[in-house]
Amino acid sequence: NAGVTQTPKFQVLKTGQSMTLQCAQDMNHEYMSWYRQDPGMGLRLIHYSVGAGITDQGEVPNGYNVSRSTTEDFPLRLLSAAPSQTSVYFCASSSLAGGTGELFFGEGSRLTVL
Amino acid sequence: AQSVSQHNHHVILSEAASLELGCNYSYGGTVNLFWYVQYPGQHLQLLLKYFSGDPLVKGIKGFEAEFIKSKFSFNLRKPSVQWSDTAEYFCAVNAWGQNFVFGPGTRLSVLP
C-alpha cells in the first residue's frame with residue numbers, strides 16, 4: 001500500500017520558471033491538500049480539494065494553482081517561481097467519512113528557487 | 001478562525017527525562033485533536049489523536065496526551081524520552097468539515 005506519493009523529492013528552479021509537483025494517493029480519500037513547511041511557521045495550507053472537480057484556496061494560495069481531475073491525483077503548479085517559494089511542500093490526504101479522518105502525508109518535496 | 005499555539009520552540013532533554021509539550025487551541029466548538037511527529041528528513045506521522053470519549057489518549061511509542069476542554073489544551077507527555085525521540089512535534093486541530101490547523105511545532109532534542 002503506497003499511501004501518498006509525491007514527486008519529485010528535490011527540485012531547483014530559477015526565478016520565473018514554472019513546474020508541477022505531483023501527488024497521488026491510493027486510499028480513495030476524498031480530501032487532498034498541499035502544505036508548505038517553513039522554519040518556525042509550522043505547516044500552512046496552500047490549496048485543498050474535497051473531491052474530484054472541487055478545489056479551494058487555503059491560507060497561502062498566491063503563486064500556486066491546483067486541479068483535481070481524478071480522486072487519486074492532486075498536482076500543485078507553480079506558475080512563475082519566486083525565491084519566497086523556496087520551501088518543503090507536503091501533500092496530504094484524508095477520508096471525509098465521519099469528519100474525523102487523520103491526515104496522511106507524503107514524503108515531501110524540497111524546492112529551492114534561485 | 002482556529003489557531004494553535006505550542007508553548008515551546010525548542011526543548012532539550014537528557015535521555016530518561018520526562019517530557020511534556022504544551023498545545024493550546026482557539027475554537028469554541030467541537031474539535032478533533034492530533035499530535036504529529038516529524039523525524040529528521042522525514043514526513044509527518046501521526047502519534048495520537050482525540051475525537052471523543054476518554055480525554056487521556058495513548059499513542060505510539062509510549063506517548064500520551066490529555067485533552068482538557070476547559071483549558072483548550074491538548075498537552076503531549078512521555079514519562080521517559082529516548083534519543084530516538086529527537087524530532088519535531090506538531091499539534092493540530094480540526095473541526096468537522098473544516099481544514100486542519102497546525103501549530104508552529106516544537107523541536108525536541110534528546111541528548112544521549
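By convention in this document, chain letters (A, B, ...) are assigned in the order of the sequence lines, proteins followed by strands, and residues within each chain are numbered from 1. Remember, it's a predicted structure, so these values are computed and weren't measured experimentally.
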Backbone of B:N99 reached by a side-chain donor or acceptor of A:Y31 within 3.5 Å: no
Counting only heavy atoms from other residues, nucleotides and ligands, does the tally under 6.0 Å from CZ of A:R44 exceed 12? yes
Can [Y] be reached from [X] by stepping across I, L, V, M, F, W or Y side chains whose heavy atoms are under 4.5 Å apart?
X: B:F34; Y: B:F90; value: yes
X: A:V113; Y: A:L76; value: yes
X: B:F63; Y: B:F67; value: yes
X: B:Y25; Y: B:F51; value: no
X: B:I60; Y: B:L21; value: yes

If a pair satisfies disulfide (SG to SG under 2.5 Å) and one of its residues is in residues 13-112 of chain B, list it, with sequence neighbours excluded. B:C23-B:C91
[X] side, atom [atom1]; [Y] side, atom [atom2] - distance, nearest 0.5 Å:
X: A:Q37; Y: B:E88; atom1: CD; atom2: CD; value: 6.0 Å
X: A:L103; Y: B:N94; atom1: CG; atom2: CG; value: 7.5 Å
X: B:L48; Y: A:E102; atom1: CG; atom2: CD; value: 10.5 Å
X: B:Q38; Y: A:L43; atom1: CD; atom2: CG; value: 7.0 Å

Within residues 9-19 of chain B, which residues come under 4.5 Å of chain A, heavy atom to heavy atom? B:H9
Is the B:F100 to A:Y35 ring centre distance short of 6.0 Å? no
Largest heavy-atom contact set with chain B, pairs under 4.5 Å, which of A:F90, A:Y48, A:F104: A:Y48
Checking heavy atoms, do the side chain of B:L46, its backbone, both or neither come under 4.5 Å from chain A? side chain
